[in-house]
Amino acid sequence: MFKRTLAWIDQRFPLTHFVKDTAEYGTPRNLSYWWNFGSLAGVVLVLQLVTGIFLAMHYKADIATAFDSIQHIMRDVNYGWLLRYMHSTGASAFFAIIYIHMARTLFYGSYRAPRELLWWTGQGLLLLLMATAFMGYLLPWGQMSYWGAAVITNLFRATPFFGEQVVHWLRGDFQVGDATLTRFYALHFLFPFIIVGAVLVHLIALHTVKSSNPSGLELKQKDIIPFHPYFTIKDLVGVGAYLMVFSVFVFFVPNTLIEAANNIPANPMQTPAHIVPEWYFLPFYAILRSVPDLAGGVVAMGLSVLIFAALPYLDRSRISGGAVYRPVYRAMFFVFLVNMVVLGYVGAVPPTDRTIIIGQVATLVYFGTFLFLPFVSKKEEAFLIKRGLPPAVMDSLK
Amino acid sequence: MSGKDNVVNPERRNFLGTVTTVAGVGGAAVAAWPFVNSMNPSGDVLSNATTEVDLKNIPEGGMHTVAWQGKPVFILHRNAEEIKKMQELSTIEPVADEKRVQDPKWLVVVGICTHLGCVPNRAENGWKCACHGSQYDDSGRVTHGPAPHNLEVPPYKFVSADKIVIG
């Protein structure tokens with residue numbers, strides 16, 4: 001019966017083919033746990049979708065009732081606190097996972113040919129995630145929500161000629177108001193489904209070019225193993241570890257990542273003494289603040305996110321395995337990471353003369369890393385070939 | 001467009017193809033406009049709200065914040081010393097203090113930082129924006145970046161000696 005039903009379906013829809021293709025997807029057997037974060041991001045996306053839809057059943061997108069509806073969810077709705085804390089913690093977790101996923105790509109040079117499109121669709125996903133998170137943050141209608149949205153929509157004032165009109169169009173009002181809240185809610189609901197679509201594109205690209213691996217080398221057939229059961233199990237181990245960390249935040253310290261000021265209802269007449277964005281935006285916010293000119297700051301901040309897309313062209317080294325066989329690239333990677341933390345710190349503290357200088361130096365280091373990469377990578381390649389590399393790596397250069 | 005050898009009048013077909021494409025894209029753009037425009041401020045938001053302020057209640061040296069079209073407006077009652085100081089000071093975007101006030105005792109400015117839209121806090125001798133560190137003097141003129149411009153002076157008029165209407 002089952003076989004006959006399956007055959008009936010397969011004549012009309014490639015179900016068996018699809019399942020087989022996914023399960024037997026050839027995966028390098030030397031993948032480390034750093035390769036877990038892609039599928040983990042998928043798990044978090046599903047969790048965010050589910051908790052989000054259930055929250056939407058109780059949330060009200062109206063400035064008169066939005067703040068109170070959150071309190072209603074927290075106090076009255078059965079397990080409302082769980083849904084909300086899972087959703088708010090999940091947003092932070094999503095960024096943490098995506099940043100680790102990106103850092104792995106940078107470290108192992110996984111963005112290089114033929115994986116440019118895989119990298120770029122990932123970049124698109126990051127932008128969608130940022131937009132979704134930013135709009136979701138307005139919904140609780142607290143002070144941080146309000147002023148975060150006010151500042152970010154104001155960035156579009158830097159648009160040439162139509163700055164004012166664009167800002168009013170985005171807000172539907174002269175200030176962030178009811179129109180803004182309602183449209184952010186509508187789009188915050190829509191964007192995750194666009195993300196699901198973009199993830200499918202990302203996965204199709206992945207299955208076309210195949211996963212990279214820590215050595216960066218083209219593997220022999222015997223080193224390729226099917227995704228199921230080997231990596232379904234390994235990914236599940238990762239999910240288990242993740243859920244432990246996630247649970248600690250959700251059940252014991254759910255407010256760590258919620259700014260205290262956001263428990264005060266939005267007040268358009270009073271900016272909080274110190275406004276900070278969510279932690280995952282801090283480095284980019286620091287870059288914005290480091291440029292003493294509005295338009296320049298906005299361009300620098302936009303560029304700081306988009307510049308990653310240029311990496312396949314900026315990195316001119318042909319040596320496989322990213323930082324594994326490349327000491328200079330490895331050093332640059334870790335300097336970049338430390339610099340990112342410095343920028344995060346600068347973005348989190350109130351602007352003083354000292355932090356502004358630190359921020360400006362860190363901004364220069366940030367862009368300098370990308371700027372010098374073409375020269376450094378070429379010089380490094382020549383030096384390493386002269387000095388000698390493992391035979392397999394040498395062979396891959398021929 | 002389609003193959004050129006086995007088609008009668010290929011130029012006409014190309015022309016028709018081009019015209020159809022242009023009309024299609026143009027039509028789509030026109031059809032998109034109502035959707036785009038629906039996101040602009042609606043009629044009730046645009047309806048020009050004015051705010052009336054009674055100045056009697058603001059003591060010398062005091063500042064009141066009133067809402068006008070949802071925006072905070074600062075009204076500062078300046079004393080003679082402050083007025084004199086403001087008339088001498090030079091700032092980043094130099095505008096004479098006289099040009100920014102109707103009555104030098106009363107400064108009326110929109111309380112939105114021209115950098116990224118935070119509301120600056122009242123400080124000694126002016127305002128300070130907590131978001132990104134911009135500073136303004138007692139005439140609402142920027143004295144310390146990153147704000148690019150002075151605080152905006154809204155349209156207002158005195159309807160009597162101690163009453164103004166903003167808007």
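Letters A, B, ... mirror the listed sequences (proteins, then strands); counts begin at 1. Quick caveat, the model's predicted, so the values are computed rather than measured.
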Once you round to the nearest 0.5 Å, how far does [atom1] of [X] lie from [atom2] of [Y]?
X	Y	atom1	atom2	answer
A:R183	B:S38	CZ	OG	7.0 Å
A:R171	B:M39	CZ	CE	13.0 Å
B:N40	A:D173	CG	CG	11.5 Å
A:N154	B:C113	CG	SG	8.5 Å
B:T114	A:L294	OG1	CG	8.5 Å

Name all residues meeting the side-chain hydrogen bond (donor to acceptor under 3.5 Å, both in side chains) criterion together with A:T355; count only those two or more places apart in sequence or in a different chain, and write none if there are none. A:T352
Could you check whether atom [atom1] of [X] has more than 12 heavy atoms from other residues, nucleotides or ligands sitting under 6.0 Å from it?
X	atom1	value
A:Y345	OH	no
A:F162	CZ	no
B:E60	CD	yes
B:N9	CG	yes
A:F156	CZ	no

Measure distances from [X] to the heavy atoms of chain B and classify the residue's part below 4.5 Å as side chain, backbone, both or neither.
X	value
A:I275	side chain
A:L288	side chain
A:P292	backbone
A:Y285	side chain

Validation row: [X], [Y] side chains within 4.5 angstrom (heavy atoms):
X	Y	result
A:R157	B:L116	no
A:Q175	B:I112	yes
B:V36	A:W169	yes

With a 4.5 angstrom heavy-atom cut-off, is it the side chain or the backbone of B:T65 that approaches chain A, or both, or neither? side chain
Against chain A, label B:V66 side chain, backbone, both or neither, depending on which of its atoms sit under 4.5 Å from a heavy atom there. backbone
Return yes if some donor-acceptor pair links the side-chain N/O of A:W147 with the main-chain N/O of B:V119 below 3.5 Å, else return no. no
Most heavy-atom pairs under 4.5 angstrom with chain B, which of A:V291, A:D293, A:L155, A:L170? A:L155
Provide the closest heavy-atom pair for B:C118 versus A:V151 in the form atom of the first, atom of the second, distance. SG-CG2, 3.6 Å
